[in-house]
Amino acid sequence: MPEGHSIHRLARQFTSVFAGQQLSVSSPQGRFAAGAARLDGQALIAAEAHGKQLFLEFDNELFLRIHLGLYGAFDFGGDETFRRSSSIGAPRRVGEREIADDGGEPAYAGPPPPKGAVRVRLTSDHGWADLRGPTACEVLTPEEQRRVLEKLGPDPLQPRADPREFVRRLSARRTPIGLLLMNQEVLAGVGNVYRAEVLFRRLISPWRLARSITQEEALGLWNDIAGVMADGVAAGRIITTLPEHRVDASIPVPVSEAHYVYKRQGLPCRRCGTEVAMTEMAARKLYWCPSCQQT
DNA sequence: GGAAAATGATTAT
DNA sequence: TAATCCTTTTCCG
């Protein structure tokens, strides 16, 4: 997926192109037809992200909750306003990069016929958004939305988030830190890439039990996550390496230089040269440097 | 043409 | 721990 940074970009995109506008909502694929009917014709009040969840709030006090899962993605199109970003979500073709619009197209003449399994199509006077492959796509009442939110841990991308809440949810647990960073009830927004990268950056072993993580280490993790994910929001991709750890100094950062350990098993650690290791942890691939991350 | 993989999460055993 | 869901792209034969 699309980790938290992608969802915050989506919230921003929806706000900038759809907020305040009346939307047609449909489900070309048919699986969300009933839900779409409850939102069709309403104006979009706001778009907000909490971790990996996107909430679209409509004028009739209903929320559309979307979770992209592993491979969900939105495609956008429309007039000039829409040309900045045409795809946000799961990686498509060019590494993890969002696909840039080529520009130079004829004047906007309405949305194209849906291609593939489009769960939801949102259309305004100026453009459209197609959603494919989400894990979750459902209409919620304010009460139902509140219940979803209160389960989630704090989201480091939200200015109001409280790092002490993260520390509290970690404390005393006999669970490896590598597992808890992926647990959305502990911390909302981190996925497999940021999990591996941030543990490396803080030189912490993924197997350290949470109860052995000091408050300083936990706050160090929090701050690093907040910083690196904010960079992800700005760049539209995950880049965690520091310039001094890149061989190729070109800008933009090539895919091959963007990560310390994620998908680098067998390659030399950028910091110490030891081979990066990989194993499965709870059915997800875990990458780490056995030398830099001993404790 | 078919299998595998992908930045995820829930439910069942 | 295993099975299941959801969709597209990439890689292999």
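It should be emphasised that the depicted structure is a prediction, and the values quoted were computed from it without experimental measurement. Residue numbers begin at 1 in each chain, while the letters A, B, ... track the order of the sequences.
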*Would you jot down, in residue-number order, the residues of residues 165-176 of chain A having a non-hydrogen atom under 4.0 Å from DNA chain C?*
none
*Rounded to whole angstroms, how far apart are CD1 on A:Ile238 and P on B:dA6?*
14 Å
_On the nucleotide B:dA6, are OP1 or OP2 found under 4.0 Å from the side-chain N or O atoms that A:Lys285 carries?_
yes
*P atom, B:dA5 versus C:dG13: distance in rounded Å?*
14 Å
*asked:* Could you work out, with salt bridge (Lys or Arg N to Asp or Glu O under 4.0 Å) as the rule, every residue matching A:Glu257, not counting sequence neighbours?
replied: A:Arg270
*asked:* Taking only the P atom of each, what is the distance from C:dC6 to B:dA12 in whole angstrom?
replied: 15 Å
*Rounded to whole angstroms, how far apart are CG on A:Leu179 and C1' on C:dT1?*
13 Å
*Using distance alone, with no hydrogens and no angle criterion, decide if A:Ser26 and A:Arg121 have a side-chain donor and acceptor under 3.5 Å apart.*
no
*Please state how far atom CG in A:Asp75 lies from atom P in C:dT7, giving the value in whole angstrom units.*
14 Å
*Side chain of A:Tyr71 only, please: which of B:dG8, C:dT8, C:dC6 is the nearest?*
C:dC6
*What's the CZ-C1' distance between A:Arg195 and B:dG8, to the nearest Å?*
12 Å
*For the residue pair A:His8 and A:Asp155, confirm or rule out a side-chain donor-acceptor distance under 3.5 Å.*
yes
*Could you state the atom-to-atom distance from NE2 of A:His5 to P of B:dG8 in whole Å?*
11 Å
*Measure from the side-chain heavy atoms of A:Arg119 and tell me the nearest of C:dT8, B:dA6, C:dC6.*
C:dC6
*Measure from CD on A:Glu138 to C1' on B:dA9 and round the result to the nearest Å.*
13 Å
*What orientation do A:Phe200 and A:Tyr260 show, parallel under 30°, tilted 30 to 60°, or perpendicular over 60°?*
parallel
*Indicate, with yes or no, if the rings of A:Tyr108 and A:His126 have centres closer together than 6.0 Å.*
no
*asked:* I need the CD-P distance between A:Gln184 and B:dG8, as an integer number of Å.
replied: 8 Å
*Assign A:Arg31 to base, sugar-phosphate, or nothing according to its heavy-atom contacts below 4.0 angstrom with the strands shown.*
sugar-phosphate
*Does OP1 or OP2 of C:dC6 have a side-chain N or O of A:Arg132 closer than 4.0 Å?*
no
*Grab the CG-C1' distance between A:Asp130 and C:dC6 for me, whole Å please.*
16 Å
*Flag if over 12 foreign heavy atoms under 6.0 Å of CZ, A:Arg271*: no
_Taking 4.0 Å as the cut-off, does a side-chain nitrogen or oxygen of A:His67 come that near to OP1 or OP2 on B:dG8?_
no
*Just do the side chain to side chain contact (heavy atoms under 4.5 Å, CB included) check on A:Val148 and A:Gln53 with the steps written out, would you?*
CA-CA 10 Å; A:Val148 171; A:Gln53 320 243 355; 4.0 Å; yes
